[in-house]
There are 2 protein chains.
Amino acid sequence: MNLRDLRYLLAMAEHEHFGRAAKACGVSQPTLSVQLRKLEELLGVALFERSSRTATPTAACRRLLGHARAAVAETEAILAVARDLRDPLAGRFRLGIIPTLAPYLLPLVFAPLRDALPDLELEPWEDQTAALLDRLRAHELDAVLLATEVDGPDLASRPLFAEPFLAALPPDHPLVGHAVVAEADLARDILVLADGHCLRDQTLEACGRNGALGSALGGALRASSLPTLLNMVAAGYGTTLIPGLAAGAAQDAGIVLRPLAAQAGRTVRIAWRAHFPRRAAVEAVGDVLATRLRGFVQAMTA
Amino acid sequence: MNLRDLRYLLAMAEHEHFGRAAKACGVSQPTLSVQLRKLEELLGVALFERSSRTATPTAACRRLLGHARAAVAETEAILAVARDLRDPLAGRFRLGIIPTLAPYLLPLVFAPLRDALPDLELEPWEDQTAALLDRLRAHELDAVLLATEVDGPDLASRPLFAEPFLAALPPDHPLVGHAVVAEADLARDILVLADGHCLRDQTLEACGRNGALGSALGGALRASSLPTLLNMVAAGYGTTLIPGLAAGAAQDAGIVLRPLAAQAGRTVRIAWRAHFPRRAAVEAVGDVLATRLRGFVQAMTA
DNA sequence: ATGCTGTCATAGGCTGCATCTATCACGTTG
DNA sequence: CAACGTGATAGATGCAGCCTATGACAGCAT
């Protein structure tokens with residue numbers, strides 16, 4: 001059985017006339033006659049009572065019509081829904097973002113994203129890098145924003161912008177007197193985030209402390225979030241590096257910021273599954289973020 | 001668009017694997033690949049995200065699946081209605097039966113069904129109530145036999161016969177001395193089937209133990225089938241209620257049976273989808289069962 | 001009666017498309 | 001690095017739907 005046959009059936013039921021029904025279907029009269037005959041043979045039921053002047057649907061035909069109409073309607077619904085879904089820049093877009101980036105980036109980009117991609121329903125999801133990549137691979141996210149390279153042939157990524165780190169100092173810290181702080185000078189009393197945050201590893205690497213923490217404070221005080229870490233620095237427990245986008249929040253917490261001598265920083269990337277079909281949406285989101293952040297980062301490093 | 005394409009789509013959504021979906025459709029893998037690709041082009045939407053190891057449905061695909069299922073179901077309804085119009089009592093009839101009923105009922109009714117409905121190809125399917133209702137709603141069964149009420153406006157049912165429960169006792173059990181056993185007297189050392197069997201709940205309710213099991217044995221020993229439960233009773237682990245039709249099997253296992261004081265029992269019903277077109281077949285099967293079982297149950301309670 | 005007209009069925013040829021087998025490309029796995 | 005599994009691609013083939021042309025038949029007019 002074929003949907004075409006069902007359309008023929010519906011047309012015949014409406015017109016009760018082979019020639020007119022055929023014209024309504026855009027086929028010749030013999031075509032419709034033959035196909036309906038075949039349908040009758042397939043179903044084993046007479047669908048039309050043919051007389052020389054007219055062809056009327058049988059009772060059996062009327063029993064089937066409702067189902068035929070429903071089947072045709074459902075297929076047309078498929079076409080209609082597909083038409084709505086056709087735009088890759090429309091629909092839900094689940095974007096994972098690492099916790100040291102999300103709260104500072106999102107306020108900057110929500111409005112530009114809504115302007116550039118009004119039909120994209122952005123659903124941010126905040127988690128650490130490893131969890132984000134798991135969810136990305138599990139098709140639970142469409143793309144992720146992170147600050148590390150991604151590897152594996154199943155994923156692809158693209159850099160969006162470079163985000164410089166800044167030295168975060170308690171107001172009464174000796175280094176406050178310097179206009180520029182050398183990364184290595186922070187190593188002595190550096191504080192870092194808990195395991196799993198990429199910022200932790202990057203901070204330690206930039207300051208030359210890529211092994212275990214020597215400071216007793218670093219072991220005892222575990223900052224599980226960047227705001228907590230900022231509070232700890234502000235309270236004088238030590239120093240740290242913060243990502244540039246968090247500068248405002250750091251200053252609000254009463255922290256003194258200084259640029260870094262070696263200009264340590266991180267590159268924020270957008271990553272996606274290599275075979276993700278809505279590549280256009282990924283690129284569009286990436287373009288908006290890169291454009292929005294370009295000026296911001298330039299201003300910060302100037 | 002073609003119904004065939006929709007079937008391919010459904011198979012792919014189910015298997016998430018081109019080769020297996022193709023086999024399920026009875027076509028070669030390239031055929032299914034090409035046709036699905038064409039469908040994607042027609043709809044203008046990516047339906048599957050292909051990676052080297054797997055192909056997962058996209059969000060768009062999932063939005064379309066319901067309509068596709070409905071369209072296919074309607075065309076199959078057309079075939080079913082046609083068959084019904086030709087001869088409602090012919091063709092395949094997939095009948096779900098709960099496990100505590102099937103092995104004891106089927107031997108009794110196979111011959112009468114074949115005599116009364118020689119053209120009906122009965123395909124029994126044994127599973128627990130919830131699974132049966134799922135399959136019934138999914139059009140994978142035509143009707144089900146169960147021992148509970150069904151609810152929901154999409155289903156209908158009809159009682160066929162009342163099946164009394166019997167007390168099942170180990171031969172050396174103190175209650176063996178009684179000609180009639182009170183349900184409540186069994187509560188102390190009652191054994192029941194694993195979760196999911198309606199007989200479990202009905203047994204507990206009849207014996208006034210509708211909460212958690214007090215018996216240590218009830219918790220430790222889990223009978224996943226009625227024959228196993230019978231063996232456990234025969235071995236002296238405890239007592240239970242069995243459905244009347246299983247009396248023969250119970251006695252074969254060396255169990256002593258006694259009628260129940262309050263005549264606890266269950267009502268076996270046949271249930272079907274409210275819009276199932278072959279209602280006549282359901283009624284005919286129901287009539288045969290009810291007729292065959294009427295005498296049997298009367299003899300048992302006499 | 002006998003054409004004439006309208007209707008549906010039939011015949012024969014053409015075309016397109018779904019299908020197959022064979023093969024390639026590629027990533028995973030041992 | 002070789003073997004395997006998976007999906008994509010290419011070329012050949014056959015069936016099915018389509019068309020035009022024509023037939024069969026009934027009603028209707030002259």
Side-chain angles (χ1 to χ4, degrees), chain A residues 1-43 46-58 61 72 75 133 136-139 150-157 271-277 279, chain B residues 1-43 46-58 61 68 72 75:
Chain A
M1 187 162 35
N2 197 314
L3 277 170
R4 189 186 332 113
D5 301 334
L6 298 186
R7 289 184 218 277
Y8 294 163
L9 175 67
L10 296 182
M12 257 313 280
E14 184 184 351
H15 293 96
E16 302 193 0
H17 184 284
F18 281 78
R20 286 192 282 279
K23 179 170 285 186
C25 294
V27 297
S28 70
Q29 169 264 317
T31 296
L32 189 130
S33 279
V34 168
Q35 291 309 114
L36 277 179
R37 174 70 71 191
K38 284 188 186 175
L39 184 62
E40 287 181 318
E41 282 165 17
L42 173 71
L43 298 179
L47 295 172
F48 294 96
E49 187 176 333
R50 296 146 171 88
S51 77
S52 59
R53 299 231 51 84
T54 182
T56 54
T58 63
C61 179
V72 171
T75 63
L133 291 177
L136 182 64
R137 287 195 164 96
H139 293 70
V150 298
D151 59 348
D154 57 332
L155 297 183
S157 76
W272 61 93
R273 293 186 300 280
H275 298 102
F276 183 56
R279 178 75 180 275
Chain B
M1 186 164 34
N2 196 317
L3 278 171
R4 189 188 333 113
D5 301 334
L6 298 186
R7 287 185 220 274
Y8 293 165
L9 174 67
L10 296 182
M12 257 313 279
E14 183 184 351
H15 292 97
E16 301 193 1
H17 185 286
F18 280 80
R20 285 191 282 277
K23 178 169 286 185
C25 295
V27 298
S28 69
Q29 169 263 318
T31 297
L32 189 130
S33 278
V34 169
Q35 292 309 115
L36 277 179
R37 175 73 71 193
K38 284 188 184 175
L39 184 61
E40 286 181 320
E41 281 165 17
L42 172 72
L43 298 179
L47 295 172
F48 295 94
E49 184 174 334
R50 297 142 171 90
S51 78
S52 56
R53 298 240 43 91
T54 184
T56 53
T58 63
C61 179
V72 171
T75 63

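Every chain is numbered from 1, with letters handed out A, B, ... down the list of sequences.
Judged by distance alone, with hydrogens and angles left aside, the side-chain atoms of B:Glu49 form no donor-acceptor pair with the main-chain N or O of B:Thr56 at under 3.5 Å.
The nearest whole Å value for the distance from the NZ atom in A:Lys38 to the P atom in D:dC15 is 13 Å. Note: CZ (B:Arg50) to C1' (D:dA8) measures 9 Å, nearest angstrom. The interatomic distance linking B:Asn2 (CG) with D:dC15 (P) rounds to 18 Å, in whole Å. One can place CD of B:Glu41 at 13 Å from P of C:dC17, the figure rounded to the nearest angstrom. Atom CG of B:Leu47 is separated from atom C1' of D:dA8 by 17 Å (rounded to the nearest Å). Between the CD atom of B:Gln35 and the C1' atom of D:dG7 there is a distance of 15 Å, given to the nearest Å. In this structure, A:Met1 atom CE and D:dA16 atom P are separated by 16 Å, rounded to whole Å. Across the protein-nucleic acid pair, A:Leu36 atom CG and C:dC8 atom P stand 11 Å apart, rounded to whole Å.
Looking only at side-chain heavy atoms (C-beta outward), A:Cys61 and A:Leu9 come within less than 4.5 Å of each other. Side-chain contact between B:Arg50 and A:His275 is absent, with no heavy-atom pair separated by less than 4.5 Å. Using a 4.5 Å heavy-atom threshold, the side chains of A:His139 and B:Thr58 count as separate. The closest side-chain heavy-atom distance from B:Leu39 to B:Tyr8 is not below 4.5 Å.
Side-chain contact check for A:Thr31 and A:Gln35: no donor-acceptor pair (N or O, by modelled atom type) lies under 3.5 Å.
Contacts between residues 19-32 of chain A and DNA chain D, counted as heavy-atom distances below 4.0 Å, involve A:Gly26, A:Val27, A:Ser28, A:Pro30, A:Thr31. Contacts between residues 8-18 of chain B and DNA chain C, counted as heavy-atom distances below 4.0 Å, involve B:Tyr8.
Residues passing the side-chain hydrogen bond (donor to acceptor under 3.5 Å, both in side chains) test with B:Arg4, sequence neighbours excluded: none.
Put simply, CD on A:Glu14 and CG on A:Leu10 are 8.5 Å apart, with the number rounded to the nearest 0.5 Å.
Each of B:Asp5 and A:His275 lies near DNA chain C, and the nucleotide nearest B:Asp5 is the one positioned closer to the 5' end.
Using a 4.0 Å cut-off between charged nitrogen and carboxylate oxygen, A:Lys38 and A:Glu41 do not count as a salt-bridge pair.
Taking side-chain N and O atoms only, A:Ser33 has a distance below 4.0 Å to OP1 or OP2 of C:dA9.
Of the candidates D:dA16, D:dC18, D:dT9, the closest approach to any side-chain atom of A:Arg4 belongs to D:dC18.
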